[in-house]
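Data block below; observations after.
Lettering follows sequence order; numbering is per chain, from 1. Computation of the quantities below employed the complete heavy-atom set of this structure, encompassing side-chain atoms and omitting hydrogens, waters and symmetry-equivalent molecules. Since this is a predicted model, take the numbers as computed values, not measurements.
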Number of protein chains: 2
Amino acid sequence: MAVKKNLTIYDIAQEAGVSPATVSRVLTGSARVSKAKKERIEALIKRYDFKPNALARGLSETKSNIIGMIVADIRNPFYATVFLECEKVASRYGYTLMVCNTLGEPELEDIYLEKMYEQRVDAIINVGGRVDDLVSNIDFVDHVNRIANVIPVIITGKLDGSDCYRVNIDQMQAMEIVMEYIISLGHKDIALIGGRDNVQSTVDKRSRYKQLLKRYGINVRNEFIVEGKRYDDESGYECMQKLFALEKLPTAIIAINDFTAVGAMRALTERGISVPEDVSIVSFDNTFIAEVTSPKLTSVSYSYENFGEKIVHAALGAIRGEEVPRIQLIQSELVIRGSCAKLNIEE
Amino acid sequence: MAVKKNLTIYDIAQEAGVSPATVSRVLTGSARVSKAKKERIEALIKRYDFKPNALARGLSETKSNIIGMIVADIRNPFYATVFLECEKVASRYGYTLMVCNTLGEPELEDIYLEKMYEQRVDAIINVGGRVDDLVSNIDFVDHVNRIANVIPVIITGKLDGSDCYRVNIDQMQAMEIVMEYIISLGHKDIALIGGRDNVQSTVDKRSRYKQLLKRYGINVRNEFIVEGKRYDDESGYECMQKLFALEKLPTAIIAINDFTAVGAMRALTERGISVPEDVSIVSFDNTFIAEVTSPKLTSVSYSYENFGEKIVHAALGAIRGEEVPRIQLIQSELVIRGSCAKLNIEE
DNA sequence: CTTTCTCAAGAAATCGGTTTCAAGCATATT
DNA sequence: AATATGCTTGAAACCGATTTCTTGAGAAAG
């Protein structure tokens, strides 16, 4: 019953009394095979639970049916969700994903890029390596381009001068819906905490934040823009300490992501400041983190499904040699939960 | 500068004026090559940034250097962390991981198992598919065994009757340190919330929980053992509703995992019951979720590093045909944060 | 009844590596 | 000087599929 030996199409062919080529034809459906032989072969395939060796097939077709994915840290629910959505789409088309975590280390990212090329993956999706880094050096762009020359590379960042396909979140639009919501609640003292200067998405958000304040006739106060060291809850906590040092606290806080918001909330709770009664807080990414705080977090949601869909379709299109748009933007919407409130009139 | 064509060892060989065999020898280091030729070949490899085709190599060596990993849902930080740790170890040995999410769907798990076999992965790590399911049917065990006959399969569950290598968390010991801690704080009314009847790890925890209560001369109260529908925060929230229905609330709550604990905490906060002053709460897994609650959660930590290490080493050992222990247990330790307090004497 | 067309199916080349086998050359041994 | 020993190296087989090319049988056409 149990099959020990690794069967090949030669074994199947022999037992069916046909040539390996005929077995291959049945397997791929690439050409007609007489009904009798086809049935005989299919029966054997089923009986022995035969699966063609993907390495051999890949070598022959110069195609691995694997898509490589590089993320910063899969423990971060943002990346995990993007990955999951990509997997859903990819597997629908017969592709499997190979994942690597850079953990923010540039050397690892280089190594994994090489490894994926070596594995002859059919496409590489780079989410959150250095693809959104404003100071990423030319060497990296060169490296990526050398690979993008041979294998389609899809990135979710900017990476000036690269030959990659881009699927980006429209940070401007995302910030817009946040600001409009907060301002509609009557807030004027609005802080923007977290995020780093050299990250494109953060820079984009800050820039729109300032623009929108101006549009609504609100003064931009630089002390309300607090940079965070990382994108975790500790950073959020630290950012809040800087705000506490000011003589007057903002009435609303926009956090660069859910983690930062969580850290900020903890800092507030510790001081006995309650959310949303005293301070409103809103964030980006809408990961499940936003569900587990109390109150639950109002957060901007990118349609992850759509994100994964666009990314993988770009990859598949490029693999097939079709014309694929070089840049695609993902729109967001606000998921309103319990962390924001109308500003009290007492100011 | 940029290399468009896919180079092969034949190209390198030709340009170096040697045979492909010699290039291969340099590549694998499998045999001595004269210094002059070796240097010439290496120079060319570097110049053209040549990387041997892993598919061809894999076909020839009947070895893909890929390890397949099946998880339930990578968004769950428990799986994400296990995956990350496995990746760290695997990549140290030249392996890459291919990940698939079953999302709790048995059919997907079967499909992915097949796919991995087809890809000729060198080993399969199954974390949290049906491997810990007590009612998993015989078909599944058969399926796994058919594959385990050819490719080493490492599971983190029990799966009676399977030929897999097992690396398990010692649930008994984990529960022990939790109970000892809680009891040392003076608690006697201790609830155990969340988890499902058909999951081995949950059953193990419950069984030890009862044993330990008895050992400490505390009555087992069945209404304090609350089953959860899933392993998420909603389930934790729901479990708490059942406890609220009792006439007397327990003074300590053990949650089956961090998510469940978070849901429970939200339920408590809503009722104005404060943690840890009124109720202590402790959980399992020590994911980063435990860091983002206020107060931060006291949680049992499996050494994920050790876990990944043991899993991957089992895989590598089995691949090499070495003798590998069929079962290995992972010990836990308690990470004490702010969610538990000494029982007030007023009871 | 012969010629042409169609189509199933086998032989063999190919994908790009690794490895066995044997040859060839230089050095060591007696 | 003759034989034994040790290395480097190339030729060729092999891993397991796909695919092109070719053959041959049977059907259609004349």
*Return the 5'-most residue of the pair B:Leu59, B:Lys35 with respect to DNA chain D, ranking by each residue's nearest nucleotide.*
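Per heavy-atom nearest nucleotide, the more 5' residue is B:Lys35.
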What is the separation between atom [atom1] on [X] and atom [atom2] on [N], rounded to the nearest whole Å?
X	N	atom1	atom2	result
A:Asn6	D:dC14	CG	P	18 Å
B:Ile41	D:dG10	CD1	P	8 Å
A:Asp11	D:dC15	CG	P	11 Å
B:Arg57	D:dA17	CZ	P	21 Å
A:Lys63	C:dT14	NZ	P	23 Å
A:Ile12	C:dG10	CD1	P	15 Å
B:Arg120	D:dA17	CZ	C1'	10 Å
A:Tyr10	D:dC14	OH	P	11 Å

If you count every heavy atom of other residues, nucleotides or ligands that lies below 6.0 Å from [X] atom [atom1], does the total exceed 12?
X	atom1	value
A:Glu107	CD	yes
B:Lys38	NZ	no
A:Glu105	CD	yes

Hey, does [X] reach any base, or is it just sugar-phosphate, or nothing, if we go heavy atoms under 4.0 Å?
X	value
B:Val18	sugar-phosphate
A:Val33	sugar-phosphate
B:Ser24	base

Minimum-distance nucleotide (side-chain atoms of [X] versus [options]):
X	options	value
B:Leu27	C:dG16, C:dT18, C:dA9	C:dT18
B:Pro52	D:dA17, C:dG17, D:dT19	C:dG17
A:Thr62	C:dG17, C:dT19, C:dG16	C:dG16
B:Arg25	D:dG16, C:dA12, D:dG10	D:dG10
A:Ile9	D:dG16, C:dT19, D:dT18	D:dT18
B:Ala56	C:dG17, D:dG10, C:dT18	C:dG17
B:Asn53	C:dA8, D:dA17, C:dG16	C:dG16
B:Arg32	D:dA17, C:dA8, D:dC7	D:dC7

Counting only side-chain N and O atoms of [X], is one of them less than 4.0 Å from OP1 or OP2 of [N]?
X	N	answer
A:Thr8	D:dC15	no
B:Ser19	D:dG10	yes
A:Thr22	C:dG10	yes
B:Lys37	D:dT9	yes

*Between A:Gly17 and B:Lys51, who's closer to the 5' end of DNA chain C by nearest nucleotide?*
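By nearest-heavy-atom nucleotide position, the 5'-most residue is A:Gly17.
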*Give me the one residue out of A:Val89, A:Val167, A:Ile67 that meets side chain to side chain contact (heavy atoms under 4.5 Å, CB included) with A:Ile311.*
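It is A:Val167; the other options fail the test.
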*Which is it for A:Glu109 and A:Asn126 under the side-chain hydrogen bond (donor to acceptor under 3.5 Å, both in side chains) test, yes or no, and what are the steps along the way?*
CA-CA 9 Å; A:Glu109 189 170 359; A:Asn126 193 339; 3.0 Å; yes
*Look at the side chain of B:Ser60 against the base of C:dG17 and say whether a donor-acceptor pair falls under 3.5 Å; ignore hydrogens and angles.*
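Answer yes: a donor N or O sits under 3.5 Å from an acceptor.
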*Please work out which of the three classes, parallel, tilted or perpendicular, describes the rings of A:Phe78 and A:Phe307, given edges at 30° and 60°.*
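Correct class here is tilted.
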